[in-house]
**Student:** 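Okay, here's the structure, questions in a sec.
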Amino acid sequence: MDKVQSVRGTYDLYGATKRKMKKVISTGSDVVEKYGFEEIETPIFEFTEVFARNLGDTSDIVTKEMYCFEDKGGDSLTLRPEGTAGVVRAFVSNGMQQNLPVKFYYSGPMFRYERPQKGRQRQFTQFGVELLGIETPQADIEVIAMAYEFLEKLGLNGQVTVEINSLGDEESRNAYRTKLVAYLQEHYDELSEDSKNRLQKNPLRILDSKEECDKAVVENAPLYADSLNEASQKFFADVLRGLDNLGIKYRINNRLVRGLDYYSHTVFELTTDKLGAQGTVLAGGRYNGLVSQMGGGDVAGIGWACGVERLSMLLEENVDLPRPIAVIPVGEDTNDKALEIAHSLRLAGFHVEQSYSGNMKKRMMKANKVNAAKAVIIGSDELANNTVTLKDLDSGEQKTISQSDLIKELQ
RNA sequence: GCGGAUGUAGCUCAGUUGGUUAGAGCGCUGGUUUGUGGUACCAGAUGUCGAGAGUUCGAGUCCCUUCAUCCGCCCCA
């Protein structure tokens, strides 16, 4: 390492970038708390099996993207590549089946060893929700509505499309897989190299391929909807009807499949065309088998997660800092008084920026730079008379008031 | 993991067919008479030209390697 730099695919988050991310997370928290979701924080690393067993051993995340390491006790641990497995593990570990439904939200860093690009990092931040214990479509509708409201509050719903599909229950999924594989086998020679591989590992993914030759084959492939059994069809129809009732606009995408094995029934993605190849900004679905797979009994689940950095990049305007009040002492003997005034203003709830050094002009420039709304100036005259000069930095008007009236004047 | 592009001051970029002490704008620092900013004017600082090796009398400019970023694929948030 010749230069002091952060590890590839990791970034220092500060200033405007951090402010936007903070806004995304706080907006998300406010929205989902109204739906009764409570925050959970699970460890950033788990036993490797938590992810390896549950995400699907053919998924790319498990086969090539996990940061695994052995700790000094010899256990194989993995930096979490996504949030759901950890939350479900916590649910099972803590015996939360006793008190359903359970509604959690979380945010924090995730890690995937991938080639970095715009909107794709090796350490990135997700905000997500999980609703456990409700197997009826109300849960799907509510959770999607929540995602929709979230993006609306961020002012992004004009640039984001809701895409939705159903993978059906296990029976439907297996039936479709069989049909699709049979069809694709017949057209094996027409498929791209990647897709020939995918045929073994994850044939559903071929539906999603961007290769022209694949698209041509997929064009006439059997439709997922035709393989859904009656129960799955009804479930999907109920979800869609619910979304219609709530005025949520969506697009059915019968090629939408998700990368992780644990999904069933409803899957959805919120996508944008503004981030190049990384268009998916929020994604999720139902995972009815996951809890029992972890030994937690037959508990249904549904959730989503969003990429906080990706959403932040869509936020056009800068998130403004609150405008402080600048307290400006003039002359050394006023420092004590200035500090006292600054302190009392802070205790009264104001944002206060103290100026530390320089002549008055410097200090005024500094006040301007931090976008202060008002300046409280205290020099020898003010000190002698127990007054301050209060200046409005937008209008330029200023007046002298007594120190005891300052807080009242500012409110 | 594969393919392509890029890498010059804090930021955005210029730098001609290789030729002396590498530039601009913004920002930063100081000043335009001693208690008044946001506009204006004046002055100033700043770079191992991503790193390493090579060709050459001479490399920011050419070759190679490497690192990083960006774009596409794979995959995904």
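Proteins get letters first, then strands, A, B, ... in listed order; numbering begins at 1 in each.
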**Student:** Of the candidate nucleotides B/C71, B/C76, B/G35, which contains the atom at the shortest distance from the side chain of A/Thr389?
**Tutor:** B/G35

**Student:** If I pick the P atom on B/A24 and the same atom on B/U33, what distance separates them, to the nearest angstrom?
**Tutor:**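 So the two P atoms sit 27 Å from each other.
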
**Student:** Using whole Å, report how far CD of A/Glu114 lies from P of B/C73.
**Tutor:** 13 Å

**Student:** Taking only side-chain nitrogens and oxygens of A/Lys361, does any of them come within less than 4.0 Å of OP1 or OP2 of B/G31?
**Tutor:**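 Result: no.
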
**Student:** Which part of the nucleic acid, if any, lies within contact of A/Arg310, taking any heavy atom under 4.0 Å across all strands shown: a base, the sugar-phosphate backbone alone, or nothing?
**Tutor:**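 Base, at least one base atom sits under 4.0 Å.
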
**Student:** For the side chain of A/Pro116, starting at C-beta, report the closest nucleotide among B/U69, B/G38, B/C75.
**Tutor:** B/U69

**Student:** Who is the Watson-Crick or G-U wobble partner of B/U39, with both distances under 3.5 Å?
**Tutor:** none

**Student:** In whole angstrom, give the distance that lies between atom CZ of A/Arg363 and atom P of B/G30.
**Tutor:**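 Answer to the nearest Å: 13 Å.
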
**Student:** Look at the side chain of A/Glu382 against the base of B/G35 and say whether a donor-acceptor pair falls under 3.5 Å; ignore hydrogens and angles.
**Tutor:** yes

**Student:** Report yes if at least one side-chain N or O of A/Tyr113 is closer than 4.0 Å to OP1 or OP2 of B/C75; otherwise report no.
**Tutor:** no

**Student:** Between B/G7 and B/U61, how many Å separate the two C1' atoms, rounded to a whole number?
**Tutor:** 14 Å

**Student:** Can you check the A/Asp392 CG to B/G38 C1' distance for me, whole Å?
**Tutor:**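 Taking atom C1' of B/G38 as the reference, CG of A/Asp392 is at 12 Å.
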
**Student:** Within a 6.0 Å radius of atom OH on A/Tyr113, are there more than 12 heavy atoms belonging to other residues, nucleotides or ligands?
**Tutor:**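 No, OH of A/Tyr113 has 12 or fewer neighbouring heavy atoms, counting only those of other groups under 6.0 Å.
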
**Student:** May I have the step-by-step check of side chain to side chain donor-acceptor pair (under 3.5 Å) for A/Thr136 and A/Gln138, ending in yes or no?
**Tutor:** CA-CA 5 Å; A/Thr136 58; A/Gln138 284 115 296; 2.7 Å; yes

**Student:** Could you measure between the two C1' atoms, the one in B/G30 and the one in B/U66, and give it in whole Å?
**Tutor:**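 One C1' to the other, the span is 42 Å.
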
**Student:** Kindly point out which of B/A77, B/U36, B/C2 is positioned nearest to the side chain of A/Arg115?
**Tutor:** B/C2

**Student:** For A/Val352 and A/Ala342, which heavy atoms make the closest approach, and how far apart are they?
**Tutor:**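 Closest pair (atom of A/Val352, atom of A/Ala342, distance): CG1-CB, 3.8 Å.
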
**Student:** Whole Å only: how far is the CG atom of A/Asp12 from the P atom of B/G10?
**Tutor:** 16 Å

**Student:** Check A/His265 against A/Asn288 and note the closest heavy-atom contact, atom names and distance.
**Tutor:**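 In this case the closest contact between A/His265 and A/Asn288 is CD2-ND2, 3.9 Å.
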
**Student:** When we call it a touch if two heavy atoms are under 4.0 Å apart, what does A/Met360 touch: a base, just sugar-phosphate, or nothing?
**Tutor:** base

**Student:** Return the value, rounded to whole Å, for the distance between atom CG of A/Leu393 and atom C1' of B/U36.
**Tutor:** 10 Å

**Student:** Both distances under 3.5 Å, Watson-Crick or G-U wobble: report the partner of B/A77, or none.
**Tutor:**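 Because no pair has both required distances under 3.5 Å, B/A77 counts as unpaired.
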
**Student:** If you check every side-chain atom of A/Tyr11, which of B/U69, B/C76, B/G35 has the closest atom?
**Tutor:** B/U69

**Student:** Using the closest heavy atom to pick a nucleotide of RNA chain B for each, name whichever of A/Val7 or A/Lys391 lands nearer the 5' end.
**Tutor:**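 The residue closer to the strand's 5' end, by nearest nucleotide, is A/Lys391.
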
**Student:** Could you check which nucleotide pairs with B/U69 in any of the strands shown, counting Watson-Crick or G-U wobble with both distances under 3.5 Å?
**Tutor:**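 Answer to the pairing question: B/A5, which forms a Watson-Crick or G-U pair with B/U69.
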
**Student:** Write down the distance separating the P atoms in B/A40 and B/A14, rounded off to the nearest Å.
**Tutor:**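 Taking atom P in both B/A40 and B/A14, they lie 26 Å apart.
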
**Student:** Distance between the P atoms of B/G58 and B/A43, in whole angstroms?
**Tutor:** 39 Å

**Student:** With rounding to the closest Å, how many angstrom separate the P atoms on B/A22 and B/C64?
**Tutor:**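 The same atom, P, in both gives a distance of 27 Å.
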
**Student:** Between A/Arg8 and B/U69, is there a side-chain N or O to OP1/OP2 distance below 4.0 Å?
**Tutor:**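 Checking A/Arg8 against B/U69: at least one side-chain N or O falls below 4.0 Å of OP1 or OP2.
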
**Student:** So A/Gly128, base contact, sugar-phosphate only, or nothing? Heavy-atom distance under 4.0 Å.
**Tutor:**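 A/Gly128: no heavy atom of the nucleic acid under 4.0 Å.
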
**Student:** Quick one: look up who B/A45 pairs with, Watson-Crick or G-U, both distances under 3.5 Å, and put none if it's unpaired.
**Tutor:**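 In the structure as shown, B/A45 has no Watson-Crick or wobble partner.
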
**Student:** For B/U69 and B/G27, measure between their P atoms and round to the nearest Å.
**Tutor:** 30 Å

**Student:** Check every atom of B/G35, B/U36, B/C70 against the side chain of A/Ser380 and return the nucleotide holding the closest atom.
**Tutor:** B/G35

**Student:** A/Leu315 and A/Lys20: which non-hydrogen atoms are nearest, and at how many Å?
**Tutor:**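 Answer, listing the atom of A/Leu315 first, then A/Lys20: O-NZ, 2.9 Å.
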
**Student:** Grab the CZ-C1' distance between A/Arg122 and B/G1 for me, whole Å please.
**Tutor:**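 So the CZ-C1' distance, A/Arg122 to B/G1, works out to 11 Å.
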
**Student:** Is it the case that the ring center of A/Tyr250 lies less than 6.0 angstrom away from the ring center of A/Phe268?
**Tutor:** no

**Student:** Quick check: do A/Ser355 and A/Met364 have side-chain heavy atoms less than 4.5 Å from each other?
**Tutor:** no

**Student:** What is the pairing partner of B/A24, taking Watson-Crick or G-U wobble pairs with both distances under 3.5 Å in any strand?
**Tutor:** B/U12

**Student:** How is A/Leu282 classified with respect to the nucleic acid when contacts are heavy atoms under 4.0 Å: base, sugar-phosphate, or nothing?
**Tutor:**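 Sugar-phosphate contact only.
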
**Student:** Does atom CD (A/Glu33) have a neighbourhood of more than 12 heavy atoms from anything else shown, all under 6.0 Å?
**Tutor:** yes

**Student:** I need the CD1-C1' distance between A/Ile328 and B/U36, as an integer number of Å.
**Tutor:** 8 Å

**Student:** What is the nucleic acid contact for A/Ala283, judged by heavy atoms within less than 4.0 Å: base, sugar-phosphate only, or nothing?
**Tutor:**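 Result for A/Ala283 = sugar-phosphate.
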
**Student:** Counting any heavy atom closer than 4.0 Å, what does A/Lys369 reach on the DNA or RNA strands: base, sugar-phosphate only, or nothing?
**Tutor:**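 The answer is sugar-phosphate, as A/Lys369 gets under 4.0 Å only of primed atoms, P, OP1 or OP2.
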
**Student:** What's the CG-C1' distance between A/Leu256 and B/C76, to the nearest Å?
**Tutor:**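 From A/Leu256 CG to B/C76 C1': 12 Å.
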
**Student:** Taking atom C1' in both B/U29 and B/G10, what distance in whole Å separates the two?
**Tutor:**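 Taking atom C1' in both B/U29 and B/G10, they lie 13 Å apart.
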
**Student:** Of the listed nucleotides (B/G37, B/C76, B/G30), which one gets closest to any side-chain atom of A/Lys362?
**Tutor:** B/G30

**Student:** Give A/Gly119 one of three labels, base, sugar-phosphate or nothing, depending on what nucleic acid heavy atoms sit under 4.0 Å from its own.
**Tutor:**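 Counting heavy atoms under 4.0 Å across all strands, the contact made by A/Gly119 includes a base.
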
**Student:** When all nucleic acid strands are considered with a 4.0 Å heavy-atom cut-off, which category describes A/Asn359: base, sugar-phosphate, or nothing?
**Tutor:** nothing

**Student:** Nearest heavy atom decides the nucleotide; on that basis, is A/Lys64 or A/Gln121 closer to the 5' end of RNA chain B?
**Tutor:**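 Checking each residue's closest nucleotide, the 5'-ward one belongs to A/Lys64.
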
**Student:** What is the nucleic acid contact for A/Glu269, judged by heavy atoms within less than 4.0 Å: base, sugar-phosphate only, or nothing?
**Tutor:** nothing

**Student:** Remember a base hit wins even if backbone is also touched, and classify A/Gly9 as base, sugar-phosphate or nothing at under 4.0 Å, heavy atoms.
**Tutor:**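 Sugar-phosphate: the residue A/Gly9, judged by heavy atoms under 4.0 Å, touches backbone atoms but no base.
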
**Student:** Can a salt bridge be assigned to the pair A/Glu409 and A/Lys399 using a cut-off of 4.0 Å between side-chain N and carboxylate O?
**Tutor:** yes

**Student:** When you measure from the side chain of A/Lys118, which nucleotide among B/C71, B/G37, B/A77 comes out closest?
**Tutor:**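 Looking only at side-chain atoms, A/Lys118 lies closest to B/C71.
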
**Student:** Using a cut-off of 4.0 Å on non-hydrogen atoms, how would the nucleic acid contact of A/Gln117 be classed: base, sugar-phosphate, or nothing?
**Tutor:**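 Here A/Gln117 touches the bases of the nucleic acid.
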
**Student:** Only pairs with both distances under 3.5 Å count, Watson-Crick or wobble alike; so what is the partner of B/C64 in this structure?
**Tutor:**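 Pairing partner: B/G52.
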
